[in-house]
There are 2 protein chains.
Amino acid sequence: MIITVSRQFGSGGREVGKRLADELGLQYYDRELLAEIAKQTDLKEDYVSYVIEKGGYHSYMFSFAHSMPLVSSTPTVVTDVLVAQRNIIKEVAKKGNCVIVGRSADAIISEYNPFKIFVYADEKSKLARCRERAPKNENLTDKQMLKEFKQIDKARRNLHDLFSSTPWGDKDGYDLMLNTSNTNIKAIIPALAEYIKAYKKQ
Amino acid sequence: MIITVSRQFGSGGREVGKRLADELGLQYYDRELLAEIAKQTDLKEDYVSYVIEKGGYHSYMFSFAHSMPLVSSTPTVVTDVLVAQRNIIKEVAKKGNCVIVGRSADAIISEYNPFKIFVYADEKSKLARCRERAPKNENLTDKQMLKEFKQIDKARRNLHDLFSSTPWGDKDGYDLMLNTSNTNIKAIIPALAEYIKAYKKQ
């Protein structure tokens, strides 16, 4: 059983993934993979995060080309990071029984036929969730936060669409699309786990 | 508990709705509503179906204006049908405890805060489902059937978007999006019912 969780920033996708893994007794992978990529590429984890979480190659080329990178970098190094991520996610999938959040995993390991979830929410819920979790951003206005959400989601979309034949967030690429607006995620996890088990057993 | 099921043609949305209603002990409404609309408007059920299932006012005006309508009709009559549909769906929602399939119900009764499902599937699954259910169409090619699916979905979209602030099939307008490709719908219904109960109880 392999489950991938793609998600809009602030929608609680990470919580969905973590709780599902606990409920189903599966390994959980999210930022853990960054450390492994850093190790394999001999790069700093900060830089790996910069490449992968800030949009990877596409954004790097078009948005960050004239800004100051955290460490010296070239397109080749960026490609190395993406290749390492791909290899690590494939290794993880080979072992099976896991939940992978983000990292374009749905596209990268499609041959393992994972159960693919997309988690999304309305702006109000995403703002509330982020304010609760990151009080350090309390000085940002809603408008500023929403702008940041959009930028992060755009980066996720760019990176995902490098690997995928269906666009990020397009229903055709997922088995289940979960709207977490006004949702107590903890409360729906057991039923969600049952749904996935029933789907896989049929 | 009110559940609305919107669906792509051929995705099995009707089966999802019917089985969910049985599982949860809810009233089920789909084509039943056409008869009631016909009664209230004093029109033939065929004509009501023609207006509502072939795309309503929009399609009627732009696509059928120069074709032969089944009965004499004017835009006013079309509006009457849509108003009757709206009233009947609101009456049904007022009674509560029901599943309504199609008829733009998600938008029409949004103030009742229904649990809104959208059911979709890939082309292969939709073709297989339709060939199984309607052997009389066996002379149609896949291409012809897919063209018909698209026309029916376009009509649903037009009619839905008359009432809704989010487009038909757009994830933001639904609580759950269900991909039924390669899915044995019967097998996933109990877990789906559990999911909705957990969501409503939270």
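Worth knowing before you read on, the calculation uses all heavy atoms, side chains too, and leaves out hydrogens, waters and symmetry mates. It should be emphasised that the depicted structure is a prediction, and the values quoted were computed from it without experimental measurement. Each chain gets a letter, A, B and so on, in the order its sequence line appears, and its residues count up from 1.
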Stepwise side-chain contact (heavy atoms from CB on, under 4.5 Å) test for A:L178 and B:L176: CA-CA 5 Å; A:L178 221 65; B:L176 199 65; 3.4 Å; yes
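Considering only heavy atoms from C-beta on, A:V99 stays 4.5 Å or farther from A:L24 through its side chain.
Residue pairs meeting the ring-ring contact (aromatic ring centres under 6.0 Å, His included) criterion with at least one partner in residues 78-106 of chain B, sequence neighbours excluded, do not occur; the list is empty.
Only one option out of B:L26, B:V101, B:I185, B:I117 pairs with B:L20 in a side-chain contact (heavy atoms from CB on, under 4.5 Å); it is B:I117.
With sequence neighbours left out, A:F9 forms a ring-ring contact (aromatic ring centres under 6.0 Å, His included) with A:F149.
When every heavy atom of B:V5 is checked against every heavy atom of B:G17, the shortest pair comes out as CG2-CA, 4.0 Å.
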Write out all chain B-chain A donor-acceptor pairs shorter than 3.5 Å, or none if the list is empty.
from   : atom 1 : to     : atom 2 : distance (Å)
B:Y120 : OH     : A:K171 : O      : 2.7
B:Y120 : OH     : A:Y174 : O      : 3.0
B:K171 : O      : A:Y120 : OH     : 2.7
B:Y174 : O      : A:Y120 : OH     : 3.0
B:Y174 : O      : A:N179 : ND2    : 2.9
B:D175 : O      : A:N179 : N      : 3.2
B:M177 : N      : A:M177 : O      : 2.9
B:M177 : O      : A:M177 : N      : 2.9
B:N179 : N      : A:D175 : O      : 3.2
B:N179 : ND2    : A:Y174 : O      : 2.9
B:N182 : O      : A:Q202 : NE2    : 3.2
B:N184 : N      : A:Q202 : OE1    : 2.2
B:Q202 : OE1    : A:N184 : N      : 2.2
B:Q202 : NE2    : A:N182 : O      : 3.2

